[in-house]
Amino acid sequence: MRLFFTSVLAIALATPGLAFDSLDELGEALFFDVNLSKNRTQSCATCHDPEYGFVDPRETDAGRAVSLGDDGESLGDRTAPTAAYAMFTPDFEQLDRKVWRGGMFWDGRAAGLAGQAGGPPLNPIEMGMPDEASVVARLAENSDYVASFKALFGDAVWDDHAAAYDAMTQAIAAFESTDLFAPFDSKYDRFLRGEVKLTDEEELGRVLFFSEQFTNCNLCHQLRTSPIAGDETFTNYEYHNIGVPVNAAVRAANGVEGPDLGLLANPDIDSADAGGRYKVPTLRNVAITAPYMHNGVFEDLRTVVLFYNKYNTLDKDRQINPETDKPWAMPEIPQNLAVTELIHGPALDDKRIDALVAFMKTLTDQRYEHLLEE
């Protein structure tokens, strides 16, 4: 892949007068282009806003849990995952009968950044274009795109709409592979480089997070074997069912009926063991990318920690969802629960819960730290 990007970059730099001097610059323009949606109102950046951690900050009838489509009416059933640090996601694979890893979207149905980029334009409840040829026709309206596509991919790219569509997704993937999406400059990263110190509460949270004796956090949210790693993405990219309940507000707004099957909704998966599993998300920028879980059912990061903690305590107060003041709702898919991981470790008191939240706030990219106060 690197050789491909290098070769097309050389072609672009050798072609004078191009509006976009590299594949990632072309991808940036495409990422923000609302003309690639049916009603010309929505771009990739609409649901993956660079100002808000590459998630969707817009309010809808279901709050910010799911995204509003280009038609101004359609609502999705899953929250838009952050595009930040997505470049590190491995290819989808099944490691054994009950372990899957990698792939894009919550259910791994797309291969790589380019595969993911090709989905939303054609999704009827997202950008709403009827087919690839229609998207390519919109691209061809822009003379700068026409010239740059030819320079980067060859004149023949416009002879085949499938080739032109694929070229578009590759360009967007190149942009999503730039440092803008993965700066690794959070307070945690600066701490690892010796540039800042953590507060006592943040340090306690860090120790707890990486300790398998006291929490279950790093069983799923640690990629490297060592916590002292600058390229830690805070996910192992595996799929688990942690017992997330239905988001009733979303279902009331979008009218979707029946359970969300998670990984089993991936058209390439037919194992009943996959039901209810979702890909473990990165914790990078987690403190500023609420709401949480695949369906945005929880508003507050502390609620998420309490949700995990409920599996390890008999305290009746801990069996109450603080956002509803009612007992935690039942899992949408009660089968295939990750029991081993969920019950790992002792119950946490308020001090340790708050410390974990404080540590996760240190995973916020530097340019978003102002959002922590807001």
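Computed from a predicted structure; not experimentally measured.
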Practice task
Look at Glu332 together with Arg251 and state whether they make a salt bridge at an N to O cut-off of under 4.0 Å.
Solution key: yes
Handout entry: Heavy-atom side-chain contact between Tyr52 and Tyr368 under 4.5 Å
Key = no
Practice task
Determine whether the side chains of Asp77 and Asn295 contain a donor N or O and an acceptor N or O closer than 3.5 Å.
Solution key: no
Practice task
Please determine if Arg101 forms a cation-pi arrangement with Tyr237, meaning its NZ or CZ atom is less than 6.0 Å from the six-membered ring centre and no more than 45° off the ring axis.
Solution key: no
Problem - Check against side chain to side chain contact (heavy atoms under 4.5 Å, CB included), Lys326 and Ile320 - result: CA-CA 5 Å; Lys326 298 178 180 179; Ile320 301 296; 5.8 Å; no
Exercise for the section: Give a yes or no on whether a salt bridge exists between Glu202 and Lys187, defined as a side-chain N under 4.0 angstrom from a carboxylate O. Expected result: yes
Practice task
State plainly whether the residues Asp273 and Arg97 are in salt-bridge range, i.e. N to O under 4.0 Å.
Solution key: yes
Practice task
May I ask you to check whether Phe234 and Phe209 place their ring centres under 6.0 Å from each other?
Solution key: yes
Exercise for the section: For Arg58 and Leu68, indicate whether the former's side chain and the latter's backbone hold a donor-acceptor pair under 3.5 Å. Expected result: yes
Practice task
For Asp70 and Thr41, indicate whether the former's side chain and the latter's backbone hold a donor-acceptor pair under 3.5 Å.
Solution key: yes
Handout entry: Cluster link Leu219 to Val244, ILVMFWY, side chain under 4.5 Å
Key = no
Practice task
Describe, in one word, how the ring planes of Phe307 and Phe298 are oriented to each other, choosing from parallel (under 30°), tilted (30 to 60°) and perpendicular (over 60°).
Solution key: tilted
Exercise for the section: Indicate whether any N or O donor in one side chain lies under 3.5 Å from an N or O acceptor in the other, for Asp315 and Thr313. Expected result: no
Problem - Salt-bridge present (Arg40, Glu141; N to O < 4.0 Å) - result: yes
Problem - Pair Asp33 + Arg138, salt bridge at N-O below 4.0 Å - result: no
Practice task
Indicate whether any N or O donor in one side chain lies under 3.5 Å from an N or O acceptor in the other, for Tyr292 and Asp300.
Solution key: no
Practice task
Answer yes or no: is there a donor N or O on one side and an acceptor on the other, between the side chain of Glu299 and the main chain of Ala290, under 3.5 Å?
Solution key: no
Handout entry: Expected output: side-chain Tyr308 to main-chain Thr215 donor-acceptor under 3.5 Å
Key = no
Completion exercise
Exactly one candidate in Asn142, Leu139, Thr169 meets side-chain contact (heavy atoms from CB on, under 4.5 Å) with Leu30; the answer is Leu139
Exercise for the section: Check whether any side-chain heavy atom of Arg190 sits under 4.5 Å from a side-chain heavy atom of Gln366, and report yes or no. Expected result: yes
Handout entry: Lys/Arg-Asp/Glu bridge criterion (N-O < 4.0 Å) met for Asp107, Arg78
Key = yes
Practice task
Measure the shortest side-chain to side-chain distance between Pro183 and Arg367 over non-hydrogen atoms and say whether it is less than 4.5 angstrom.
Solution key: yes
Problem - Close side-chain approach of Met127 and Leu122, heavy atoms under 4.5 Å - result: no
Exercise for the section: Could you walk me through whether Trp158 and Val136 pass the side chain to side chain contact (heavy atoms under 4.5 Å, CB included) test, one step at a time? Expected result: CA-CA 8 Å; Trp158 292 107; Val136 172; 3.8 Å; yes
Exercise for the section: Answer whether the closest heavy-atom distance between the side chains of Val135 and Pro121 falls below 4.5 Å. Expected result: yes
Practice task
For Thr364 and Glu369, test the side chains for any donor-to-acceptor distance below 3.5 angstrom and give the result as yes or no.
Solution key: no
Handout entry: Minimum heavy-atom distance Asn336-Gly275, with the two atoms named
Key = ND2-O, 2.9 Å
Exercise for the section: Only counting residues at least two apart or in another chain, list the ones meeting side chain to side chain donor-acceptor pair (under 3.5 Å) with Glu341. Expected result: none
Exercise for the section: For the residue pair Thr289 and Arg284, establish whether any side-chain heavy-atom pair is separated by less than 4.5 Å. Expected result: no
Exercise for the section: Please determine if Arg302 and Asp350 form a salt bridge, counting it only when a charged side-chain N lies under 4.0 Å from a carboxylate O. Expected result: yes
Handout entry: Listed once per pair and sorted, the ring pair (Phe, Tyr, Trp, His ring centres under 6.0 Å) pairs that draw on residues 101-140, sequence neighbours left out
Key = none
Practice task
Would you indicate whether the side-chain heavy atoms of Tyr85 and Asp231 approach each other to under 4.5 Å?
Solution key: no
Handout entry: Non-hydrogen side-chain atoms of Thr60 and Arg64 separated by less than 4.5 Å
Key = no
